[in-house]
Structures are given as C-alpha cells and as structure tokens.
Amino acid sequence: MFRIVWHTISMAAALAVTLGATGLVAHADTASQTADTTVAATSEAETSEAIADSEFRLLMVEQVGCIYCRMWNNDLAPIYPKTPEGKTAPLQRVDLHKPFPEDITITGGKPLFTPTFILLQDGVEVARIEGYASEDFFWGLLDQALKKNGATYQTPSN
C-alpha cells in the first residue's frame, strides 16, 4: 500500500513540475476551477431539494487542485444525479478546508484525503470511500455501502 501511495505522490509531483515548467499548470487549474464551479452551480438547487427528501446523502469532501476530484467531476458528476445510487444518496459537496455542515455527524474522523466520499444515513456517517481510482471501483464500493446500510433501489444489472 505504501508503495502505491508513494508512487502516486511521486508521479503527481513530477507532473506538477513538468506542467509548471511548460506554463500549462495555470491553465489546467483555471479550467478545473471553472468546470468545478459550473458543476457545483448547476446541481446545487437540485441537490438541496433531493437531500431534504432522502434518508441517505453522499458527502463529497474535495479541495481545489485535487486531480482525483477533477477526474471524478469529469467522469461521474454529470451522470451521478441520474443514477439509482444518485437518487438514493444525493451528492453534497464540502471543501476539506472549510467547516462541515452542522447537521451531520462524522464518526470516522476528519478526512485527510480528497476526494473522500462519506455515506450519511439520517445525517450520520455509515460508510466511507477514500479516493477515486476509476468509476468501476467507485460504483462497486458505493453499491456495497448502500446495500449494507439497507438502501433499496433498482440497478440496471438487477
């Protein structure tokens, strides 16, 4: 596990140095922030309404500059609210460096990595997914967490 984490950190640092040297890093961060803002703005009204009606919520803890947050936003953010999992556990976003909403109880301690996905049932943490590697892992882990905590929904494979 340590090797994987170290390798990932080393590769990210090398990429950052390379992009910084070419001047592309500023453009990449600006594009990411613009995309993140657009995703957050378009779904904020829909999300707050869905959260009020749902027993479950999926809290996404993220931070500016997180490449894995950006990957999740590109891969899954546009479709998440339309999926059975997204309808069962609407997404709520929180910045790692800002206070968490007061109506939730985090039982696993403050997240250290981004993205961290915290499944809440009636406002209390019941499961956690740390990191984002690919959509296959994400959907599998989220499905397990939801079903383990009694969520019922129809998935396309059922």
Side-chain angles (χ1 to χ4, degrees), residues 4-5 8-9 11-12 15-16 19 24-104 106 108 110-149 151-158:
I4 293 170
V5 171
T8 303
I9 291 170
M11 293 302 294
L15 180 62
L19 289 176
L24 295 175
V25 73
H27 175 69
D29 285 344
T30 304
S32 170
Q33 289 172 358
T34 303
D36 292 348
T37 304
T38 303
V39 169
T42 56
S43 62
E44 195 169 316
E46 296 169 358
T47 302
S48 59
E49 189 175 304
I51 287 171
D53 297 337
S54 181
E55 172 186 3
F56 293 97
R57 281 190 272 177
L58 186 64
L59 189 69
M60 179 181 179
V61 182
E62 58 189 341
Q63 65 181 324
V64 173
C66 170
I67 186 74
Y68 300 104
C69 299
R70 188 178 318 151
M71 286 171 50
W72 191 91
N73 284 329
N74 290 336
D75 296 347
L76 301 180
I79 63 168
Y80 182 80
K82 301 170 189 169
T83 65
E85 295 88 348
K87 291 176 182 173
T88 302
L91 185 70
Q92 180 178 3
R93 295 170 181 267
V94 173
D95 188 290
L96 177 66
H97 305 291
K98 293 184 180 171
F100 282 30
E102 291 185 16
D103 65 335
I104 65 170
I106 301 298
K110 184 172 179 174
L112 301 174
F113 307 104
T114 57
T116 295
F117 300 91
I118 301 174
L119 181 64
L120 303 169
Q121 185 173 17
D122 297 323
V124 178
E125 177 180 353
V126 293
R128 184 179 286 213
I129 301 169
E130 292 183 324
Y132 175 73
S134 72
E135 56 182 291
D136 291 334
F137 284 112
F138 176 80
W139 291 123
L141 293 171
L142 181 58
D143 183 60
Q144 286 178 347
L146 284 165
K147 289 181 177 172
K148 179 182 175 187
N149 290 288
T152 55
Y153 56 91
Q154 187 69 29
T155 60
S157 61
N158 286 348

Ignoring hydrogens, what is the shortest heavy-atom contact between T88 and P84? Give both atom names and the distance.
OG1-O, 2.8 Å

What are the two closest heavy atoms between P101 and V94, and how far apart are they?
CD-CG2, 3.8 Å

Is it true that atom NZ of K110 has more than 12 heavy atoms of other residues, nucleotides or ligands lying nearer than 6.0 Å?
yes

In the structure I gave you, are the side-chain heavy atoms of C66 and Y132 within less than 4.5 Å of one another anywhere?
no

CD/E85 to CG/L142 distance, rounded to the nearest 0.5 angstrom?
6.0 Å

What's the spacing between Q92 CD and I118 CD1 if we round to 0.5 Å?
10.5 Å

Backbone of A145 reached by a side-chain donor or acceptor of N149 within 3.5 Å:
yes

Least distance between heavy atoms, M71 atom then A133 atom
CE-O, 4.0 Å

Interatomic spacing from CG in D143 to OH in Y153 - rounded to 0.5 Å:
3.5 Å

Looking at every heavy atom in both F117 and G131, which two are closest together, and how far apart are they?
CE1-O, 3.9 Å

Would you compute the distance between atom CG of D103 and atom CG of D122 and round it to the nearest 0.5 angstrom?
11.5 Å

Using the benzene-type ring in the case of Trp, are the ring centres of Y68 and F113 under 6.0 Å apart?
no

Quick one: are T83 and W139 in side-chain contact, heavy atoms under 4.5 Å?
yes

Suppose we screen for side chain to side chain contact (heavy atoms under 4.5 Å, CB included). Which residues come up paired with L112, at least two apart in sequence or across chains?
none

For a side chain to side chain contact (heavy atoms under 4.5 Å, CB included) check, start with the C-alpha distance between N73 and M60, then their side-chain angles and the critical distance, and finish with the verdict.
CA-CA 11 Å; N73 284 329; M60 179 181 179; 4.2 Å; yes

Determine, step by step, whether I106 and L59 satisfy the side chain to side chain contact (heavy atoms under 4.5 Å, CB included) criterion, reporting the C-alpha distance in whole Å, the side-chain angles of both residues, the deciding distance to 0.1 Å, and the verdict.
CA-CA 10 Å; I106 301 298; L59 189 69; 4.2 Å; yes

In this structure, CD of E62 is separated from OG1 of T116 (nearest 0.5 Å) by 11.0 Å

Validation row: F137, I129 side chains within 4.5 angstrom (heavy atoms):
no

To the nearest 0.5 Å, tell me how far K87 NZ sits from K82 NZ.
10.0 Å

Using 30° and 60° as the class limits, which term best fits the ring planes of Y80 and W72: parallel, tilted or perpendicular?
tilted

